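Please read all numbers here as calculations on a predicted model, not as lab measurements.
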There are 2 protein chains.
Amino acid sequence: MTTPQLTKNQSLVFDVLEKAEGPLSAYTILDKLRDHGFRAPLQVYRALEKLLEYGVVHRLESINSFVACAHPGDDCHSHGIVAFAICESCGQVTEFHDHEVDHRLMAWVRGQKFKPAKTTIEIRGLCEACAA
Amino acid sequence: MTTPQLTKNQSLVFDVLEKAEGPLSAYTILDKLRDHGFRAPLQVYRALEKLLEYGVVHRLESINSFVACAHPGDDCHSHGIVAFAICESCGQVTEFHDHEVDHRLMAWVRGQKFKPAKTTIEIRGLCEACAA
DNA sequence: CAATTGATGTAATAACATAACATCTGCAAT
DNA sequence: ATTGCAGATGTTATGTTATTACATCAATTG
Ligand SMILES: [Zn+2]
Ligand SMILES: [Zn+2]
Ligand SMILES: [Zn+2]
Ligand SMILES: [Zn+2]
């Protein structure tokens, strides 16, 4: 998907996520944008909805948070599955993907005649620095 | 992990999940147990916490719901990663397990010196019946 | 201009989850 | 048996995440 020009609110939300060290909750984003006129959760959620659709932001289901894509423009994103390693201590997120994992999951899915729409792979644990 | 004798509340919550067609939210479980004296969310969440710990119930992160384990006693559960296919139309959940996926993810994790604690794999889409 | 479409603003509410504190129950040590 | 403890439970309140409903605004287009 080619990303269209972002609207004002979408840009504001995206900039906050890009500058952040780690994933942010929608309400944390809201707080960071109060000075820019944001007043209600919906302003954040609506922007996020589009940014997710454009593939420039990912949602981390297991921690109800959002993060800017670490590999913008990477073609794998369009058809591949993205995985995340999330440090439960420092919040650091690493985004990666593995074709073999994709293939195995999609092979299973095909066998079941299941029609996949969105796949979540999230590994929570401790990053190297925090595990030490 | 060997499952200890369940307490009254744990048994009630587990029975509701076992008899359910698909995954249930904590509040749905609460409603189903009002007749048995349940009054507050915490009664459900506390029971779920233990049932998750014993491995007889799984949490589906992407839909904030809980489901009874489909493969109780399966040894793979203790050390392997469980994956779920979730039908967004009828709610049906299929639990499966693929060693190759585990190996690939764990190999990646080792390479990063990341210490995994809990891994989530959830595929949302349409089951065979609903896709037709 | 009128109609449509997409974006935005605002208030209210729904849905999910935890904190804090009191009470009870079973069991072991004295 | 009494005391002390640990685990489970009950209850209220609160915190966090997400959506519904409705009004308004701006750009496009026929
Ligand atoms: Zn990405
Ligand atoms: Zn860390
Ligand atoms: Zn299971
Ligand atoms: Zn279905």
Handout entry: Whole angstrom value for the distance that separates C1' of dA8(D) from OH of Tyr54(B)
Key = 10 Å
Completion exercise
One should read off an interatomic distance between His71(A) NE2 and Phe96(A) CZ, to the nearest 0.5 angstrom, of 10.0 Å
Exercise for the section: For Pro41(B) and for Thr7(B), locate the closest nucleotide of DNA chain D by heavy-atom distance; then report the residue assigned to the nucleotide nearer the 5' terminus. Expected result: Thr7(B)
Problem - Selection from dA7(C), dA17(C), dT10(C) that lies nearest to any side-chain heavy atom of Arg59(B) - result: dA17(C)
Practice task
Using a cut-off of strictly less than 4.0 Å, decide whether Gln43(A) has a side-chain nitrogen or oxygen near OP1 or OP2 of dG9(C).
Solution key: yes
Exercise for the section: Can you label the angle between the Tyr27(B) ring and the Tyr45(B) ring as parallel, tilted or perpendicular, going by 30° and 60°? Expected result: perpendicular
Problem - Side-chain N or O of Ser25(A) closer than 4.0 Å to phosphate OP1/OP2 of dT16(D) - result: no
Exercise for the section: Examine dA18(D): is either OP1 or OP2 under 4.0 Å from a nitrogen or oxygen in the side chain of Asn64(B)? Give yes or no. Expected result: no
Practice task
Figure out the CG/C1' separation between Leu30(B) and dT9(D), and round it to whole Å.
Solution key: 14 Å
Handout entry: Spacing between Asn9(B) atom CG and dG10(D) atom P, to the nearest angstrom
Key = 5 Å
Fill in the blank from the handout: To the nearest angstrom, the CG-P distance between Leu42(B) and dG15(D) comes to 16 Å
Handout entry: Side chains of Glu122(B) and Thr120(A), donor plus acceptor under 3.5 Å
Key = no
Fill in the blank from the handout: Glu49(A) CD to dT17(D) C1', in whole Å, measures 15 Å
Problem - Rounded distance (Å) that lies between atom P of dG15(D) and atom OH of Tyr27(A) - result: 14 Å
Exercise for the section: Rounded off to whole Å, could you give me the NZ-to-C1' distance for the Lys50(A) and dT8(C) pair? Expected result: 13 Å
Exercise for the section: Examine dT10(C): is either OP1 or OP2 under 4.0 Å from a nitrogen or oxygen in the side chain of Arg46(A)? Give yes or no. Expected result: no
Exercise for the section: Grab the CD-P distance between Gln5(A) and dT28(D) for me, whole Å please. Expected result: 13 Å
Exercise for the section: Find which nucleotide of DNA chain C each of Ile63(B) and Ala47(A) is nearest to by heavy atoms, and output the residue with the more 5' nucleotide. Expected result: Ala47(A)
Practice task
Output yes when at least one side-chain N/O atom of Tyr45(A) is less than 4.0 Å from OP1 or OP2 of dA18(D), else no.
Solution key: yes
Handout entry: Sub-6.0 Å ring centroid separation between His58(B) and Phe84(B)
Key = yes
Exercise for the section: Among Val44(A), Asp31(A), Leu30(A), Ile29(A), find the one that has a side-chain contact (heavy atoms from CB on, under 4.5 Å) with Leu24(A). Expected result: Ile29(A)
